[in-house]
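Have a look at the structure below, then the notes.
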Amino acid sequence: MTDGLTLYIPEPPTRPGDTPDFSHLEIPAAGAMPRPPTDAPAETLRDMAYGLVRVLDDAGQAVGPWAPGLSPEQLRQGLSAMMLTRLFEDRMFRSHRQGKTSFFMKSTGEEAIGAAQSMVLDRRDMCFPTYRVLSWLMARDYPLIDLVNQIFSNARDPLKGRQLPILYSARDYGFYSLSGNLGSRFGHAVGWAMASAYKNDDSLALAYIGEGSTAEGDFHEALTFASVYHAPVILCITNNQWAISSYAGIAGADETTFAAKAAGYGLPGLRVDGNDFLAVWAATQWAVARARANLGATLIEFFTYRAAGHSTSDDPGRYRPADEAAGWPLGDPVARLKQHLIAIGEWDEARHTQFESELVERVRAAAKEGEAVGTLGKSKPPVSEMFEGVFEKPDWRVREQREELGV
Amino acid sequence: MTDGLTLYIPEPPTRPGDTPDFSHLEIPAAGAMPRPPTDAPAETLRDMAYGLVRVLDDAGQAVGPWAPGLSPEQLRQGLSAMMLTRLFEDRMFRSHRQGKTSFFMKSTGEEAIGAAQSMVLDRRDMCFPTYRVLSWLMARDYPLIDLVNQIFSNARDPLKGRQLPILYSARDYGFYSLSGNLGSRFGHAVGWAMASAYKNDDSLALAYIGEGSTAEGDFHEALTFASVYHAPVILCITNNQWAISSYAGIAGADETTFAAKAAGYGLPGLRVDGNDFLAVWAATQWAVARARANLGATLIEFFTYRAAGHSTSDDPGRYRPADEAAGWPLGDPVARLKQHLIAIGEWDEARHTQFESELVERVRAAAKEGEAVGTLGKSKPPVSEMFEGVFEKPDWRVREQREELGV
Amino acid sequence: MPSMSMIQALNSALDVMLARDPDVLMFGEDVGYFGGVFRVTEGLQKKHGLKRCFDTPISEGGIIATAIGMGAYGLRPVAEIQFADYILPAFDQLVSEAARLRYRSNGEFWAPITVRAPYGGGIFGGQTHSQSPEALFAHVTGLCTVIPSNPYDAKGLLIASIESNDPVIFLEPKRIYNGPFDGHHERQMKTWADHAKADVPEGHYTVPLGKAATVREGRDVTVLAYGTMVHVAESAIEESGIDAELIDLRSIVPLDIDAIVSSVTRTGRCVIVHEASRFAGFGGELSALVQERCFFHLKSPVQRVAGWDTPYPHAFEWDYFPGPGRVVSALKRVMED
Amino acid sequence: MPSMSMIQALNSALDVMLARDPDVLMFGEDVGYFGGVFRVTEGLQKKHGLKRCFDTPISEGGIIATAIGMGAYGLRPVAEIQFADYILPAFDQLVSEAARLRYRSNGEFWAPITVRAPYGGGIFGGQTHSQSPEALFAHVTGLCTVIPSNPYDAKGLLIASIESNDPVIFLEPKRIYNGPFDGHHERQMKTWADHAKADVPEGHYTVPLGKAATVREGRDVTVLAYGTMVHVAESAIEESGIDAELIDLRSIVPLDIDAIVSSVTRTGRCVIVHEASRFAGFGGELSALVQERCFFHLKSPVQRVAGWDTPYPHAFEWDYFPGPGRVVSALKRVMED
Ligand SMILES: Cc1ncc(C[n+]2csc(CCOP(=O)(O)OP(=O)(O)O)c2C)c(N)n1
Ligand SMILES: Cc1ncc(C[n+]2csc(CCOP(=O)(O)OP(=O)(O)O)c2C)c(N)n1
Ligand SMILES: [Mg+2]
Ligand SMILES: [Mg+2]
């Protein structure tokens, strides 16, 4: 018998003032994981959840069975989407500091995920995003000016001022409506995928969720439906180690991997280096092939790191070592893809610098254009837009209230 | 490319009119599963979720490392609780047919689970029941008359007529308040266990959930908290193959086992023959030892079969072969424990028959006593009880409404 | 026209829509092979195929999330929640997602889903098989809430709900599934057989959302009700001998404000009846609307008859249920002043 | 006495209770090491220890279920939900479990839990960081709902809530965390510094649940408000020049019906103000109660000023927010008749 039980509360290895420490992470070498056939039964794939699919090695070479064999053109397109994402977010973050918008969030360090997946998925597929996959839209050339106008909530905001900045919706770009609620759209992806199967269509769904948000009941319910009905959906957990101030251990990461959750539903679960554009691509391609062959859902954990603060309201220096990001053992996804392109002779520093300034200019131009329309509080859609779209047709309440407000 | 996707909807192997078929089940021999030490790390235990812990073999002998070595006294006590449960439920089911109560549910075929666990757990522990574990109370000698009065909602109903029949509450018997909502108390068990650990107490919690109800978000949330805070709780899935008319495949059983869900939380997951009193006992003992040693939660899937209809409102002949129950390969828990007691020379047919008639008489006496107080509609607690206990102290609404009704 | 019970009328509505629109499908706990615990979907799987009407895991949140995703894709899913009491695990999906999708995406996505659920008391179902949660939905901007009181309306309103491009909570008063119930539980059960509103056409028709029905015209007081309480009120009016006008709201969102105002303006008195517990129930909104719009016509305070402010208590079914006796008292009270 | 902001007063309440009662503990998303996104739990983990104030998974249902289990065991857990908008995934736990546990178990178990959540608008938080869900809780028998409007009350009410043996939803108007806000967003932000109600004792005291406060006495009209709207109403009353009595309800369940009735009986007029959208909001219940109990004293219709019946729209913060201008109009309207 014990002296009584004690309550265990997980804590991260380091806090502000400590030296960042990632020594507890096991990082397998690039190329080490096998690539099972896409029609392998899920029960033969359980080990995949405890490894880490990696393609780019330290020298920037693509190695092992998962190397997707991309063309230089594809690689450069991916790099472009990632760089554009980062530059755009940096600019808008500054705009927030200047009071031009109410709120902003960056995806720094996680750009490979949305960029690669956006390219692998088809135009007819639908992604159910989180707020941290802007690179999905960038890889599909969503107009920067529409982003800016949404972020500034100005008169040209495509969402008519109704949504918080960055909670985009872009149906034509395969990007489902975002909302502030975490996790609650994960199951919509499953429903969408089931609808596609119901119609004998072949469009797939792809959904994102943060590692922190996997604790929501919605996550489990979505996986249950995906499993039971063999829904053609790719369910992606972006494990960026943090949920605002809470480290991944508060979501269960100290107990097992997130990919391990797949086994409980009889689904394949892959664990993938999320900072490796090629690994993300390859794993996604594998899951897509499986889903399009009517073999159902795959759960993928992307192992990555949230290099910036959670949002403009956050100061990560309050809860983690200031230099933790720099120590992240999987590096920076932009730098790694750039290194790869250089290593295969398809890129160089000069081109990179030149290209970067072109992108900076594009971003600047879009920001300026948006500012000319107006920033938060200086410009907004007609107030009547507040009353539109509550129902398909307004009822008397909306009509009367509109009248009362005189709009 | 495919010709388009198709939507998969799971279906059970047989329906009314078909011959029952359990050939798809893999049933390992009794004694075949290893018994790992109770402090084994969860990641070394993953295979346990795909086996089946069984102790009683076909000859009624207790075999293998899980045999718990119970005294004949303990075995007879267990048998008694199970027999009493069955006889009592049969009687009350008939009472429902006679209009003496509004509703009733039986646990036929599943009596071993509550009975063994009630005996293994301590008086200071708390069970968070489903409506199908009456044998927990029977093993602790909860007064039959209190059950009857609750079922008849009569003037002596211990729950004052506020609850549907069989949604008991019995704090002194370690039996938490039941409710009609499925799954929503699974997490209370985790909170209770965490509270015990917080207070350096050593009381454990044990929770039940049906296999169908594991699809609720609450299930996942409870497991997440249990895992993250190493809560001293035993989480039991009663996989009785059916959820009203839906077979377990609708809850995901065709894809993997329910015990396999443990891996996603880094918890040990045991899969146990729920019709084997000794296996239930042994597995529970294992999990209790682990929890009391501050090693946290265990998930146990009890593989069993709902031999009766779902409730008095149900007719299972509408959705499954009429004789399916008879074909259940794991047999009947009462018959198997009886056989074991006989096999070890501690019981015989004559004693059994004699004992059964004693129990029948006890049940009859309790039913009669309850009937004398009154049955549904013929007797009820004072109407003022409707207004009590909404809050600790009634507010003006309750006071005024009571006055309006004149009670 | 065939005489149908409410169950049959609802089944017919679903059957008609399955036959008519390949984008309509339905699912929920036990609705497939078995046909639902109240038999509303009986025979539909067999007739229309496995994928048109199927069983789901016990996961109300998952059911609604799945429906929303299907709706956004372009289908018209009809989800059954086995009892309205069990809708709450899906409350966030309904409020934060279904109700808000069209608005927040500026019309790029929307959720044309219908969520059916038996609701209300009178069947000795105890706490969790008897509740009336309509007020919770009525407060949510973006959700419609529909409550039929007879077979004809049930079919027409359900078809209108399925065809609506807005999310609809469709609450079915389970006590009147098989016959009208006027609250006189001591009397013999009636079936729908001879009821005028049990004459239900076989084919497609709609009863529009947002249009109340005047069940009985009267000059002295307006009674507002919906669901089972329409029958209770009707009976109470007869018993009271008061010349009351009875309005069956049929949907509470959209609400037929014109019907309410024009009636109360004439009668100058109003009684509101619902099964749900009283405090912050939908009766509060109705009472507020009436006094805001008819204040100078009102001869006496608007009265509410509702469930007590307690959980739904099993043994006290008829003490809790706002039966004809209480409605008669309210009618008398409202006439006194 | 020290001057405290509402954040500091809430922090002080929690600190006092942690020090005083070993059975009090608190948890929620980011409340531990970090001290909460609004800093209400700042320093408490460090001072009282890891297990007294800790982070949880992002799982509102799990948080409340855990709290209920702890409460049933005998602790007094205080759970923080990061924004009231995110309480909905836990709605079933609150309604079906916390609110009903005592009743259904005949007092064998109960849930003495306090659920804190910042709520309301005025901070450009958009749809999901601005909502006011109080009406949804008010309708649930068995739940208390408390809403402070100033630091003194915030601390006293929070301590009373923690000490209560009933489950309490404690909604904190986030717009006035750091200073009173009268709706004049164009003016400079105020802090609590010089406010009379920012004089907060360091130690233990309670403000009882169910007792309204008369913020301002007046003869001509009664204004009922809570949370941020108390300040908006106060300012609007000054601007209107009308001699209004302003009642801060402080808790809507239990509701101080006597204070309401005695005031309206005197003034004969009533304006109700809340941020939540209007339809089926809590204003409906208040309006109904007032007209039921004060009908023959009422000189004009009870008026409601509330959020519009739309989702909370980001760019239209000040078009949506029921600011002083709309309250003044309502005051004038109510005086006209
Ligand atoms: C239902 C819900 N609960 C809480 C929040 C508040 N919140 C916003 S972001 C966040 C952290 C999310 O962490 P994670 O899921 O890991 O995603 P990440 O931000 O790391 O991409 C929290 C708690 C929310 N938005 N929705
Ligand atoms: C939240 C909720 N949803 C639905 C129901 C209706 N219902 C009652 S029992 C049941 C089946 C439960 O099946 P399972 O969990 O396997 O338990 P079993 O009855 O087999 O013991 C259903 C769907 C309910 N009571 N609660
Ligand atoms: Mg994260
Ligand atoms: Mg079952």
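Numbers restart at 1 for each chain; the letters A, B, ... are given by sequence-line order, proteins then strands. What's counted below: heavy atoms across the whole structure, side chains too, no hydrogens, waters or symmetry copies.
The structure places CG of A/L235 at 5.5 Å from CG of A/L223, a figure rounded to the nearest 0.5 Å. A distance of 12.5 Å separates CG of D/L10 from CG of D/D15, quoted to the nearest 0.5 Å. Taken to the nearest 0.5 Å, the CG atom of D/L75 stands 9.0 Å off from the CG atom of D/D21. Taking CG of D/N11 as the reference point, atom CZ of D/F38 lies at 15.0 Å (rounded to 0.5 Å). We find the CD1-CD1 distance between D/I87 and D/I169 to be 5.0 Å, quoted to the nearest 0.5 Å. For the atom pair CZ (A/F175) and CG (A/L134), the distance works out to 7.0 Å, reported to the nearest 0.5 Å.
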Enumerate, by atom name, each donor-acceptor pair separated by under 3.5 Å where one atom lies in chain D and the other in chain A.
unit_1, atom_1, unit_2, atom_2, d
D/D30, OD1, A/S245, N, 2.8
D/D30, OD1, A/S245, OG, 2.6
D/D30, OD1, A/S246, N, 3.3
D/D30, OD1, A/S246, OG, 3.2
D/E42, OE2, A/R318, NH2, 3.3
D/I58, O, A/E216, N, 3.3
D/S59, OG, A/A215, O, 3.3
D/Y86, OH, A/G180, O, 3.4
D/D309, N, A/Q401, OE1, 2.7
D/D309, OD2, A/Q401, NE2, 2.7
D/H314, N, A/G161, O, 3.4
D/H314, ND1, A/S153, OG, 3.0
D/H314, NE2, A/S102, OG, 2.6
D/A315, N, A/G161, O, 2.7
D/D319, OD2, A/K380, NZ, 2.6

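Heavy-atom distances place both the backbone and the side chain of A/I9 under 4.5 Å from chain D. Contacts between A/P10 and chain D at a heavy-atom distance below 4.5 Å are absent for every atom of the residue. With a threshold of 4.5 angstrom between heavy atoms, A/L376 approaches chain D through side-chain atoms but not through N, CA, C or O. Of the two parts of A/V398, only the side chain, counted from C-beta on, holds a non-hydrogen atom closer than 4.5 Å to a non-hydrogen atom of chain D. Only the backbone of A/P382 comes within contact range of chain D, with at least one heavy atom under 4.5 Å from a heavy atom of that chain. Of the two parts of A/F387, the backbone and the side chain both hold a non-hydrogen atom closer than 4.5 Å to a non-hydrogen atom of chain D.
Among the candidates A/L7, A/L405, A/V407, the residue making the largest number of heavy-atom pairs closer than 4.5 Å to chain D is A/L405. Of the listed residues (D/V37, D/L50, D/L88), the one with the most heavy-atom contacts under 4.5 Å to chain A is D/L50. Options A/L164, A/L167, A/L159 differ in how many heavy-atom pairs under 4.5 Å they form with chain D, and the most are formed by A/L164.
With contacts defined as side-chain heavy-atom distances shorter than 4.5 Å, the pair D/V232/D/P322 does not qualify. Taking the side chain as every heavy atom from C-beta outward, D/M6 and D/I176 approach each other to under 4.5 Å. Between A/V373 and A/V148, every side-chain heavy-atom pair lies at or beyond the 4.5 Å cut-off.
Annotation: D/F137 is in aromatic contact with D/F91 [ring centroid separation under 6.0 Å].
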